[in-house]
Amino acid sequence: MNQSKSDNLKALRHSAEHILTQAMENLYGKGKFYMAMGPATDDGFYFDFEPIGDFKISEADFPKIEAEIQKIIKANLPITQKNITLDEAKKLFSANPYKLEWLDQIKDKGEAISVYWTADQFVDLCKGPHVKSTGEVVAIKLMSIAGAYWHGDEKNKMLTRIYGTAFDSQTELDNYLHNLEEAKKRDHRKLGKSLDLFSFHEEGPGFVFWHPLGYQIYQNLVVYWRQIHKQKGYVEVKTPTMLTIPVWQQSGHMQNFIDKMYLAKTSDLDTPQYAIKPMNCDGGMLIYSSNPHSYKELPIRMGELGVVHRYESSGEVHGLMRVREFTQDDAHIYCTPEQVEDELKAAISLCKEIYKTCGLPLDHIELSTRPEKSIGSDAVWQKAETTMTKVLTQGKIEHQINPGDGAFYGPKFDFHLKDCLGRTFQCGTIQLDFAQPENFNLEYTDKDGQKQRPIMIHRTIYGSLERFIGLMIEHYAGAFPVWLSPIQAKIIPITDRQNDYAQSVKQALLDKNITVEIDDRSETMQKKIKDATDQKIPYMLIIGGREVDSRQVSVRQRDGIDLKSMPLADFIGQITKQVTEKSLNLIK
RNA sequence: GCCACCUUAGCUCAGUCGGUAGAGCAAUUCUUUUGUAAAGAAUAGGUCCAGGGUUCGAGUCCCUGAGGUGGCUCCA
């Protein structure tokens with residue numbers, strides 16, 4: 001979309017928001033709610049208001065509101081801008097505490113006070129821009145209702161928010177809604193159920209139950225992760241699920257994250273003496289500190305596929321994307337100050353390599369800086385943030401700054417990926433930490449025989465196996481590349497006379513480490529093909545009398561392409577190549 | 001946690017004004033042995049999320065709770 005078109009759409013959507021507000025005033029009367037604010041967004045607009053008394057709006061009211069909106073659009077009322085004085089504005093919006101607050105802010109900034117009138121029927125304090133008349137908003141639809149805090153702050157009152165979208169043609173609105181429906185078909189929760197990958201149960205809210213096929217995908221990612229980390233000089237460890245509480249006090253987790261931690265106790269005590277790990281670093285540092293270290297050993301890159309538990313608030317749990325128990329593909333790098341930059345760079349490039357292999361496009365990288373709740377001195381934070389910035393600048397790595405969102409022990413790079421609806425999720429994270437080595441009194445001996453403090457880098461790449469798989473399911477709509485597919489080939493004997501040969505084909509593939517199943521149900525071949533296609537199995541090996549006689553397999557891809565009969569060895573060669581090379585989707 | 005909504009068979013869903021629950025797919029059994037996207041028939045399948053209330057009577061109305069969905073806040 002070109003700039004002027006996108007600006008115009010923005011103005012149109014902002015106008016749509018005014019029309020919505022006017023429609024609500026017409027229907028319910030001005031005394032029912034205070035309008036607070038409402039901007040255009042990337043895909044529509046929203047309108048925040050505070051209901052007065054027991055006034056309430058739900059999605060069931062949308063048809064009525066939309067009908068009123070249509071009246072305003074049909075009337076094609078002119079929208080005009082006017083600058084007014086502070087006194088005039090205060091009079092105009094005297095009944096509305098939100099607008100009065102805006103006015104104070106505008107006054108402080110010394111800006112002009114701009115209002116927009118829709119004919120002489122509706123007025124709002126607004127910078128604009130807007131379209132010239134309500135008739136330009138050709139297609140509009142109210143989408144959903146939500147709560148939102150005033151100024152986005154939890155301490156403020158919660159307002160009611162109505163989301164909607166608008167376009168300059170009905171076709172574009174229809175397209176948008178159609179695309180939304182299509183995107184929802186890729187939803188990992190839906191596919192997780194229909195492909196039988198995982199489930200959730202009331203008995204473990206926020207905990208994933210991995211079914212055999214889902215766990216195979218998980219394992220495929222783990223195998224790859226181990227292989228590439230070994231190549232990159234990592235070692236792998238495993239630390240306990242729970243540790244005694246003092247260690248969490250030492251690291252500061254007990255103070256900073258107590259509300260997210262699960263506690264545990266034995267039956268002989270009344271109070272918890274253990275905390276279940278919300279992250280892996282405390283255990284990792286105990287390993288580091290169990291031996292003396294020389295500078296010659298550094299950097300030590302210690303990986304751990306650690307299962308962590310975090311008691312996320314109920315409203316935050318979301319499918320595989322935000323769970324309460326998940327596996328971090330964690331690693332802690334202990335290094336000297338001289339090594340920090342290279343290690344950061346190497347971690348960034350490893351992250352990019354892994355996303356590339358998995359075929360997942362990176363949405364953006366964020367640099368998150370010191371949060372309010374943090375440990376460590378100003379000087380240490382300054383130094384850490386400077387180093388991080390330097391690495392990004394030198395590598396010419398595009399990034400956004402996310403102020404105040406760092407870990408409590410250090411600044412971090414976050415790698416964000418998108419889900420099917422365009423919502424972004426943090427996956428990889430690389431965190432620089434000068435504070436924890438201090439807390440745990442970690443040391444190495446330098447070449448002069450002096451004790452020195454190592455610097456620690458915490459990093460994940462998948463972030464959480466759960467979230468990463470969720471994103472992969474949506475990216476591929478369940479049709480994984482062959483190397484990640486939970487079942488790589490389905491053998492389909494046409495009649496039970498081919499079962500013996502089918503078994504020998506299965507064994508030959510198993511011998512080559514290909515995950516394969518036989519469908520020997522008493523069903524038609526067509527039905528078996530349909531089922532295997534629905535399961536998104538990349539290859540179907542159809543075996544009838546002809547294949548048995550010629551010792552071949554008839555290969556069909558899940559995208560419907562018929563590769564015809566070929567010697568089994570040819571098929572094995574092809575699929576093995578795709579698995580070992582981790583080819584991205586050759587078959588849709 | 002907050003706002004709104006949802007929860008009916010294994011799955012997807014229907015169920016009118018409050019009158020004791022229905023379909024398709026899946027499952028099971030039988031028949032069918034099939035050449036590139038759904039063979040046919042029969043059978044079975046339910047604490048209508050849980051608990052309380054209103055009512056002669058609740059899947060349906062009200063309250064509380066659990067789980068989930070869309071947002072907000074949060075996200076080591």
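The analysis underlying the following values was restricted to heavy atoms, covering all of them including side chains, and did not include hydrogens, waters or symmetry mates. Per chain, numbering begins at 1; letters A, B, ... match sequence-line order. These figures come from a predicted structure and were not determined experimentally.
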Look at A/Asp562 together with A/Arg556 and state whether they make a salt bridge at an N to O cut-off of under 4.0 Å.
-> no
Expressed in angstrom and rounded to an integer, what is the separation of A/Phe49 atom CZ from B/A4 atom P?
-> 11 Å
Decide if the gap between the ring center of A/Phe440 and the ring center of A/Tyr288 is smaller than 6.0 angstrom.
-> no
Closest nucleotide among B/A38, B/U33, B/C5 to the A/Thr524 side chain | B/A38
Nearest-angstrom distance from the residue atom NZ of A/Lys155 to C1' of B/C3 = 19 Å
Roughly how far apart, to the nearest Å, are B/U28 and B/C72 at atom P?
-> 45 Å
Donor-acceptor side-chain pairing of A/Asn439 and A/Gln436 below 3.5 angstrom | yes
Give A/Gln557 one of three labels, base, sugar-phosphate or nothing, depending on what nucleic acid heavy atoms sit under 4.0 Å from its own.
-> nothing
Encode nucleotides 66-76 of chain B as B, S and - characters from 5' to 3', where the letter depends on protein heavy atoms closer than 4.0 Å: B to the base, S only to sugar-phosphate, - to neither.
-> SSSSBBBBBBB
Ring centres under 6.0 angstrom apart (A/Tyr28, A/Phe55) | yes
Can we say A/Glu438 and A/Arg453 salt-bridge, meaning some charged N sits less than 4.0 Å from an Asp/Glu carboxylate O?
-> yes
Measure the distance from CD on A/Glu523 to P on B/C30 and round it to the nearest whole Å.
-> 14 Å
Determine whether the side chains of A/Gln431 and A/Asp433 contain a donor N or O and an acceptor N or O closer than 3.5 Å.
-> no
A/Lys490 and A/Asp519 ion-paired at < 4.0 Å = no
Using the P atom on both, measure B/G59 against B/U54 and round to a whole Å.
-> 16 Å
When the distance from NZ of A/Lys193 to C1' of B/C11 is rounded to whole Å, what number comes out?
-> 8 Å
Please state the P separation for the pair B/A39 and B/C25 - nearest whole angstrom.
-> 11 Å
May I ask you to say whether A/Arg186 pairs ionically with A/Glu474, meaning some side-chain N is under 4.0 Å from a carboxylate O?
-> no
For A/Asp363 and A/Thr424, does a side-chain donor sit closer than 3.5 Å to a side-chain acceptor?
-> no
Under 4.0 angstrom between A/Ser522 side-chain N/O and B/U33 OP1 or OP2 | no
Just call it for A/Thr160: base, sugar-phosphate, or nothing, with non-hydrogen atoms closer than 4.0 Å on any strand.
-> nothing
Report yes if a donor N or O on one partner sits less than 3.5 Å from an acceptor N or O on the other, where the partners are the side chain of A/Arg558 and the base of B/A37; otherwise report no.
-> no
Which nucleotide in B/C11, B/U33, B/A38 has an atom nearest any side-chain atom of A/Thr495 = B/U33
Is the backbone N or O of A/Asp48 less than 3.5 Å from a side-chain atom of A/Arg161, with the two atoms forming a donor-acceptor pair by type?
-> no
Given B/U33, is OP1 or OP2 found less than 4.0 Å from the side-chain N or O atoms of A/Arg521?
-> no
d(CD1, A/Ile491; C1', B/G35) in whole Å = 17 Å
Do A/His458 and A/Gln328 have side-chain N/O donor and acceptor atoms under 3.5 Å apart?
-> no
In whole angstrom, what separates A/Asp559's CG from B/U36's P?
-> 17 Å
Assert: residue with more 5' nearest nucleotide on RNA chain B, out of A/Ile543 and A/Ile57, is A/Ile57
Answer with base, sugar-phosphate or nothing: what part of the nucleic acid does A/Arg546 contact at a heavy-atom distance below 4.0 Å?
-> base
What about the rings of A/His201 and A/Phe207, do their centers lie closer together than 6.0 Å?
-> no
Can you tell me how far C1' in B/G46 sits from the matching atom in B/G53, rounded to whole Å?
-> 24 Å
Answer yes if the side chains of A/Thr460 and A/Asp330 hold a donor-acceptor pair under 3.5 Å, and no otherwise.
-> no
Answer yes or no: does a side-chain N or O of A/Lys527 lie under 4.0 Å from OP1 or OP2 of B/A26?
-> yes
Determine the interatomic distance between C1' on B/A23 and the same-named atom on B/U36; round to the nearest Å.
-> 31 Å
Between atom CD1 in A/Ile529 and atom P in B/A39, what is the gap in whole Å?
-> 11 Å
From CG of A/Asp520 across to P of B/U32 the rounded distance in Å is 18 Å
P atoms of B/G68 and B/U60, separation to the nearest Å = 23 Å
Which value, in whole Å, describes the distance between the P atoms of nucleotides B/U32 and B/A41?
-> 16 Å
Every protein N/O within reach of nucleotides 14-16 of chain B N/O, cut-off under 3.5 Å:
none

Take atom C1' in B/A44 and the same atom in B/U64, then report the distance between them in whole Å.
-> 37 Å
Do A/Trp150 and A/Glu101 have side-chain N/O donor and acceptor atoms under 3.5 Å apart?
-> yes
Is the glycosidic torsion of B/C48 within 90° of 0, making it syn, or is it anti?
-> anti
Taking only Watson-Crick and G-U wobble pairs with both distances under 3.5 Å, what dot-bracket line describes RNA chain B, where [ ] shows pairs that cross earlier ones and | shows pairs with another strand?
-> (((((((..((((.....[..)))).(((((.......))))).....(((((..]....))))))))))))....
